[in-house]
Each structure stands twice: as structure tokens, then as C-alpha cells.
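Report on one structure; see the data block that follows.
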Amino acid sequence: LAACGDGGGDGSGDGKTVLGFAQVGAESAWRTANTTSIQESAAAAGIELKFSDAQQKQENQIKAIRSFIQQRVDVIAFSPIVETGWDTVLKEAKDAKIPVVLTDRAVDSADDSLYVTFLGSDFVEEGRRAANWLVEEYKDSDETVNIVELQGTTGSAPAIDRKTGFEEITSADPKFQTIASQAADFTRAKGKEVMQAFLSANKDIDVLYAHNDDMALGAIQAIEEAGLKPGEDIKIISVDGVKDAFVAMTEGKINVVVECNPLLGPQLMDVVAKIAAGQPTEKRILTEEGVFTMDQAAAELPNRKY
Ligand code: GYE
């Protein structure tokens, strides 16, 4: 790759680094914040952004990546919708000598030469944090805790890892029983629909673990419509930390939120600039995040940026 980002021969003629970004979709508030962050930081960094929205379909994302290769952008970044099935298209990018940055979600590939770096959260750790809250919450009780789980998009890194991290902790104590677990695609509408099904099939749900806030917020509607109190009758653990989830926490409807930061734009642009300048980058760039409980929500709400 030539220095100064002219390796791709971007055709824009003004010497700007051109970044092709293939986004997952607009499935959640997290995603919307992520998109805005990427667009704003590209503009601030003087990077020309070609942005594509795959509407949660892998085939669309693959098409977008192929079109970026054809346009000979300098760098390609994307959030792989699912973990597998990328080797062919990533090989095409590699053959075209266009560096690829994984943003937010990872791929499951034996060949890590297919991308330069992976920038994003540790989703397994998020799952552990969710479970650690549960362990603490029920530490003085021996009774069975019936858990239902709303999984993110089937095959996606956050769905796989958040489940794994959660199970790693809860499986150590047999009182924790996951009685139902199903994918709801990270959306509110699906979260509500699947929670309705959970409620009609199970009389005794103690806890809902939702892999993101949007599904939790949809589930809250289903729980209320069933005449139950979210946060009390059914305790709710969620992931992301979007504003609406903090509002729900101040209303006592979500008990705890494990933060997952979508504001990856500035870090992404730093990496892109480094790559364009021919500088080395780390293979894994982690995001820092916390855990917020109901009693901290009101104080934290004004600080939320997404
Ligand atoms: O948690 C969810 C979004 O990949 C971390 O995708 C991201 C997840 C996020 O739809 O809200």
C-alpha cells in the first residue's frame, strides 16, 4: 500500500483518504448513534466517507464491500452482521491491496491476515458483567431464578459472545435456570413479539436478560400489557446504555444496563489515518465501558451522549 492513501487511486483527485464503510443497518438506537459518530468523525478528520447500509442482510454487505473494491477506496471498514462467511470477499479486498478494518463486530475466520485490526467492545465480558449483577442480586437466596433471554441477531458476534459470557458465570450456580432463549434481531418490535411468546409459554419468569436495550424496551411493553411490572415482577438486565434505557431505569423498569459504547468514529478515523500513512496499528483495539444500576440512572442520564 502506498503512503498518503493514494494506493487506491480514489479518483476524487483531491488527495483525501477515501473510506468505504459497510454498516449493519439501523436496527437499534445503538446503531444510529454509531452511524452518526462515524459520519461526524470522518467529516472532522477530513476523510471522504462512502457509506452503505446493509439493512441487516449479509448479502447486501458483501455487495457493498465489492463495490468499494471496484471503486478502489483506500480503506474498507465494516461491522460484520454475522461472524462467518466473509473469507471470500475479504480475500478479494486483500488481493486488491485494500486494507480492511473490522469495526464493532468481529469475524470468525482462521485467517487473521484478512483484516488489519478489530476495533470494538469485548462482548464476552459484557455478558459476564450482566451475569455478575444477577449473582450479586440473588446472593442471599437459594430459590430457583427463572431467566428468559432475548438474543441478538443469530450468528452475530454480540449475540454469541453475550450469551457465552453470561452462561460462563450463571452455569456455576444451578439455581440460575435459563428457561427460554430466542433471537429477536436487536429490534424493539421483535423484542416485544418474542417476549409476548415467552410470557404466554412461561408463568414464572423472574429475570429477563436482553442482549440490547431496544429488545428490552420492546419487552417492557409486552410485560406491561400482560399486567406485570417490569423491574419488579420481572427484573431486567440489558446491554448498550442508550438514553431511552436510562429513562426506563429512572422509571424503575430496567434494573441494570451493561454499557457498550457505539461512539467508535474518532478511534476508527485515527486507525484509518494511520493505515493511510503507512503506520502500524494494533491488531485489537478495545473500547472502555461500565455498568449502571437503577439507583445511578438519574445522576448519569444527563451525561449520556447516545
Ligand atoms: O449492542 C445492538 C446493535 O454490534 C454492539 O448491535 C453492536 C450491537 C448493539 O444492534 O444494539
Side-chain angles (χ1 to χ4, degrees), residues 23-37 53-58 60 79 81-82 104-105 121 123 126-127 130 147-163 166 180-202 205 207-263 289 292 294 297 300-301 304-306:
Q23 181 60 291
V24 169
E27 73 283 5
S28 63
W30 189 101
R31 188 64 55 195
T32 309
N34 181 246
T35 292
T36 307
S37 170
D53 174 338
Q55 298 182 303
Q56 292 243 71
K57 291 203 182 76
Q58 182 175 29
N60 292 344
S79 284
I81 294 173
V82 290
D104 153 39
R105 297 185 184 178
S121 308
F123 301 135
E126 290 171 353
I147 304 163
V148 297
E149 178 180 36
L150 288 171
Q151 298 178 37
T153 303
T154 305
S156 70
I160 294 167
D161 294 353
R162 285 173 186 164
K163 187 173 181 39
F166 188 80
S181 178
Q182 208 178 301
D185 227 8
F186 283 128
T187 67
R188 267 187 210 217
K190 271 278 184 180
K192 180 174 181 188
E193 195 183 302
V194 177
M195 190 67 205
Q196 278 168 339
F198 284 168
L199 286 163
S200 52
N202 307 279
I205 301 172
V207 173
L208 162 66
Y209 170 41
H211 288 187
N212 84 339
D213 290 339
D214 281 79
M215 293 188 294
L217 292 162
I220 285 172
Q221 289 175 25
I223 293 168
E224 286 177 332
E225 283 171 20
L228 297 169
K229 279 199 164 159
E232 274 180 51
D233 297 326
I234 297 179
K235 295 195 173 147
I236 302 184
I237 308 171
S238 178
V239 187
D240 278 355
V242 302
K243 272 193 189 126
D244 282 357
F246 271 81
V247 171
M249 273 202 286
T250 62
E251 295 167 349
K253 296 179 181 179
I254 293 181
N255 301 75
V256 63
V257 164
V258 176
E259 188 181 35
C260 178
N261 187 359
L263 308 178
E289 13 211 43
F292 298 93
M294 210 184 246
E300 173 62 13
L301 184 54
R304 299 309 290 172
K305 296 202 169 54
Y306 59 93

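Index from 1, following the sequence.
Across all their heavy atoms, Asp53 and Gly25 have their closest contact at OD1-CA, 3.1 Å. For the residue pair Leu263 and Ala33, the shortest heavy atom distance occurs at CD2-O, 4.1 Å. Residue Ala26 comes nearest to Arg31 through the heavy atom pair CA-CG, 4.1 Å, listed as atom of the first residue, atom of the second, then distance. Minimum heavy-atom separation, Asn202 to Ala180: ND2-CB, 4.2 Å. Across every non-hydrogen atom of Leu199 and Ala226, the tightest pair is CD1-CB, 4.0 Å. Minimum heavy-atom separation, Ala29 to Val242: CB-CG1, 3.9 Å.
To the nearest 0.5 angstrom, Met215 atom CE is 8.5 Å from Gln151 atom CD. Here the CG-CD1 distance, from Asp244 to Ile220, works out to 10.0 Å after rounding to the nearest 0.5 Å. To the nearest 0.5 angstrom, Asp214 atom CG is 12.0 Å from Trp30 atom CH2. Taking NZ of Lys190 as the reference point, atom CD of Glu27 lies at 14.0 Å (rounded to 0.5 Å). We find the CG-OG distance between Asp104 and Ser121 to be 7.0 Å, quoted to the nearest 0.5 Å. Distance check, rounded to the nearest 0.5 Å: CG of Asn261 to NZ of Lys305 gives 9.5 Å.
For His211 and Glu126, the side-chain atoms include no donor-acceptor pair closer than 3.5 Å. No hydrogens or angles considered: a donor-acceptor pair under 3.5 Å links the side chains of Thr153 and Asp185.
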Next item on the list: Could you go through the side-chain contact (heavy atoms from CB on, under 4.5 Å) check for Met249 and Glu300 one step at a time?
Entry: CA-CA 11 Å; Met249 273 202 286; Glu300 173 62 13; over 6 Å; no

Note to self: As a quick check of understanding, evaluate side-chain contact (heavy atoms from CB on, under 4.5 Å) for Thr32 and Tyr306, giving each step before the final call.
What the structure shows: CA-CA 9 Å; Thr32 309; Tyr306 59 93; over 6 Å; no

Notebook entry, point to check: Checking side-chain contact (heavy atoms from CB on, under 4.5 Å) for the pair Gln56/Val24: CA distance, chi angles, key distance, verdict?
Noted result: CA-CA 5 Å; Gln56 292 243 71; Val24 169; 3.6 Å; yes

Note to self: Working note: Phe198 + Ile205, criterion side-chain contact (heavy atoms from CB on, under 4.5 Å); need CA distance, chi angles, decisive distance, verdict.
What the structure shows: CA-CA 9 Å; Phe198 284 168; Ile205 301 172; 4.2 Å; yes

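Glu224 has its side chain within reach of Lys253: a pair of non-hydrogen atoms, C-beta onward, lies under 4.5 Å apart. Residues Arg188 and Ser28 form no side-chain contact, since every pair of their non-hydrogen atoms from C-beta on lies 4.5 Å or further apart. Side-chain contact between Ser156 and Phe186 is present, with heavy atoms from C-beta onward closer than 4.5 Å.
In this structure Thr35 satisfies the side-chain hydrogen bond (donor to acceptor under 3.5 Å, both in side chains) test together with Gln23, sequence neighbours excluded. Partners of Thr36 according to the side chain to side chain contact (heavy atoms under 4.5 Å, CB included) rule, which considers only residues two or more places apart in sequence or in another chain, are Glu40.
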Check: residues 233-240 side-chain donor-acceptor pairs under 3.5 Å, at least two apart:
unit_1, atom_1, unit_2, atom_2, d
Asp233, OD2, Lys229, N, 2.6
Lys235, NZ, Glu137, OE2, 3.1
Ser238, OG, Asn212, O, 3.4
Ser238, OG, Asp213, N, 3.3
Ser238, OG, Asp213, OD1, 2.5

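Relative to the ring axis of Phe123, Arg105 does not place its NZ or CZ within 45° and under 6.0 Å from the centre.
Between Met294 and the choices Asn255, Val257, Thr250, the side chain to side chain contact (heavy atoms under 4.5 Å, CB included) rule is met once, by Asn255.
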